[in-house]
Amino acid sequence: MSFSSDVKDELCRQIGAGRHCQLAELAAVLGFLGRIQETELGQGLVVHVENVTLARKYYTLLKRIFNINATLNVSENPLHKGKNCMVAVTDQTQAFRILHGVKWIDSQGQFVRTNELVSGLLVKNACCKRAFIRGAFLASGSMSDPEKAYHFEIVCQDPARAGQLRELITSFGLDAKIVARKKCYVVYLKEGSQIVDMLNVMEAHVALMNLENVRILKEMRNSVNRQVNCETANINKTVNAAVKQVEDIQYIERTVGLSALSEGLQEMAQLRLAYPEAALKELGSLLTPAVGKSGVNHRLRKISSFAEELRERNACI
């Protein structure tokens with residue numbers, strides 16, 4: 001299973017304790033997947049999903065909230081090698097009870113649903129907002145594998161509904177954004193820390209811990225890589241400097257001889273030729289008397305300057 005499927009599987013097994021939260025989550029599923037259809041018993045309510053666990057959760061919510069036994073049909077999906085699930089309430093009276101509960105119709109049976117994704121009356125409390133976002137993700141959301149990238153999204157059919165969903169998400173301090181994709185509008189999060197917070201909002205605590213473990217390992221790998229890269233760069237810098245120093249000393253030796261250098265610089269030059277890979281601190285300990293890194297570096301810089309002067313002088317001859 002994918003990471004996204006694992007998250008949905010965990011959320012599908014979680015039922016809110018309060019009826020108001022259960023109703024908010026039910027409203028989310030209906031808002032994304034619910035359809036009103038004509039049946040032999042009048043107008044019925046149908047939900048089509050490809051996730052069997054979500055179909056069972058929706059069925060359970062109907063039973064707990066309205067004490068309605070809906071029809072659950074599961075069939076093979078030859079195109080996606082999965083399941084087609086349909087949960088149907090065919091009795092018009094029962095369907096209207098549900099529609100009234102989610103604020104699609106009034107007490108007289110008149111449709112009052114607007115372009116909103118959900119009535120504000122159903123998501124006044126923070127716990128209901130959590131439940132609604134959870135239902136929205138189950139119905140139309142997905143997550144990328146955190147080993148590869150951090151991405152959380154919920155797909156909406158129009159900008160107004162995407163805007164309302166974004167407001168619900170940002171009410172928890174998350175920086176959700178909206179992007180148009182073909183004929184849809186996607187509400188998404190990109191940062192790993194934000195997605196961790198979103199899992200906490202939806203109360204997917206097992207998935208949250210799994211994601212945090214992935215993030216910690218990735219950060220450790222990145223930290224090690226940065227340290228290795230830094231050390232490699234320092235080694236390359238040290239090696240290149242040592243190679244240049246040896247070349248300068250050899251040039252002086254070929255042209256005017258090391259005797260042209262002062263006694264202290266001669267000793268330094270001979271040590272560098274004898275130990276071309278030694279660090280400055282090690283070279284300093286070999287001098288008599290011993291000299292620190294800055295002293296060794298100062299002498300080698302003077303040798304290099306002398307070599308450059310020789311090159312310039314010989315170039316003019």
Side-chain angles (χ1 to χ4, degrees), residues 1-14 24-25 27-29 31-33 48-55 57-58 77 79-83 117-118 123 126 129-226:
M1 291 175 65
S2 66
F3 187 82
S4 185
S5 297
D6 289 340
V7 175
K8 289 189 175 183
D9 190 59
E10 179 184 354
L11 294 178
C12 281
R13 286 168 169 74
Q14 181 176 330
E25 189 165 359
V29 177
F32 284 94
L33 303 174
H48 289 276
V49 297
E50 295 180 1
N51 186 324
V52 177
T53 313
L54 175 56
K57 180 171 189 177
Y58 172 65
N77 186 334
L79 295 179
H80 301 289
K81 297 181 180 179
K83 304 288 185 181
L117 189 57
V118 61
V123 288
K129 291 178 182 178
R130 290 176 183 271
F132 183 85
I133 294 170
R134 180 166 62 241
F137 176 74
L138 287 171
S140 190
S142 64
M143 284 184 62
S144 62
D145 183 348
E147 289 281 3
K148 300 175 182 177
Y150 297 126
H151 184 80
F152 172 99
E153 70 176 36
I154 300 176
V155 180
C156 301
Q157 293 303 313
D158 60 65
R161 296 183 181 191
Q164 186 186 20
L165 178 61
R166 178 183 178 276
E167 287 180 7
L168 291 173
I169 293 174
T170 55
S171 70
F172 291 96
L174 301 175
D175 187 22
K177 293 182 172 58
I178 300 174
V179 64
R181 182 189 297 163
K182 297 181 180 179
K183 296 181 180 180
C184 300
Y185 295 83
V186 180
V187 182
Y188 70 93
L189 297 167
K190 277 286 188 185
E191 295 183 10
S193 59
Q194 295 264 305
I195 296 174
V196 167
D197 291 340
M198 173 54 75
L199 291 175
N200 187 49
V201 167
M202 297 190 299
E203 299 177 297
H205 302 304
V206 174
L208 185 155
M209 294 304 298
N210 291 337
L211 177 55
E212 282 286 46
N213 288 337
V214 172
R215 289 183 67 218
I216 291 170
L217 289 174
K218 287 178 73 172
E219 288 175 6
M220 287 179 61
R221 285 197 295 264
N222 291 336
S223 177
V224 170
N225 287 336
R226 284 193 297 269

**OP:** Only counting residues at least two apart or in another chain, list the ones meeting salt bridge (charged side-chain N to carboxylate O under 4.0 Å, His left out) with D6.
**Re:** none

**OP:** Check side chain to side chain contact (heavy atoms under 4.5 Å, CB included) between V52 and all other residues, then give those that pass, not counting sequence neighbours.
**Re:** R56, V74, K83, C85

Subject >> Residues that K190 engages under side chain to side chain donor-acceptor pair (under 3.5 Å), provided they are two or more places apart >> reply: H151

**OP:** Could you list the residues that satisfy salt bridge (charged side-chain N to carboxylate O under 4.0 Å, His left out) with D175, not counting sequence neighbours?
**Re:** K177

**OP:** Give the minimum heavy-atom separation between V49 and A55, together with the two atoms involved.
**Re:** CG2-CB, 3.6 Å

**OP:** Apply side chain to side chain contact (heavy atoms under 4.5 Å, CB included) to L217 and list each qualifying residue two or more places apart in sequence or on a separate chain.
**Re:** R221

Subject >> side chain to side chain contact (heavy atoms under 4.5 Å, CB included) partners of S171, counting only residues at least two apart >> reply: K129

Original post:
Distance from M198 atom CE to R130 atom CZ, nearest 0.5 Å?
Top reply: 10.0 Å

**OP:** With sequence neighbours excluded, tell me which residues meet side chain to side chain contact (heavy atoms under 4.5 Å, CB included) with N51.
**Re:** K8, T53, L54

Subject >> Any residue meeting salt bridge (charged side-chain N to carboxylate O under 4.0 Å, His left out) with E191, in chain and number order, not counting sequence neighbours >> reply: none

**OP:** Could you list the residues that satisfy side chain to side chain donor-acceptor pair (under 3.5 Å) with S193, not counting sequence neighbours?
**Re:** none

Sequence neighbours left out, cut at 3.5 Å: what donor-acceptor pairs do the side chains of residues 132-143 make with other protein atoms?
| residue | atom | partner | partner atom | Å |
| --- | --- | --- | --- | --- |
| R134 | NE | E25 | OE1 | 3.3 |
| R134 | NH1 | M202 | O | 3.3 |
| R134 | NH1 | E203 | OE1 | 3.0 |
| R134 | NH2 | E25 | OE1 | 3.3 |
| S140 | OG | V155 | O | 2.7 |

Original post:
Partners of R166 by salt bridge (charged side-chain N to carboxylate O under 4.0 Å, His left out), sequence neighbours excluded?
Top reply: none

Original post:
Between T170 (side chain) and G173 (backbone), is there a donor-acceptor pair under 3.5 Å?
Top reply: no

Subject >> Pairing residues for E212 by the side chain to side chain donor-acceptor pair (under 3.5 Å) criterion, not counting sequence neighbours >> reply: R215

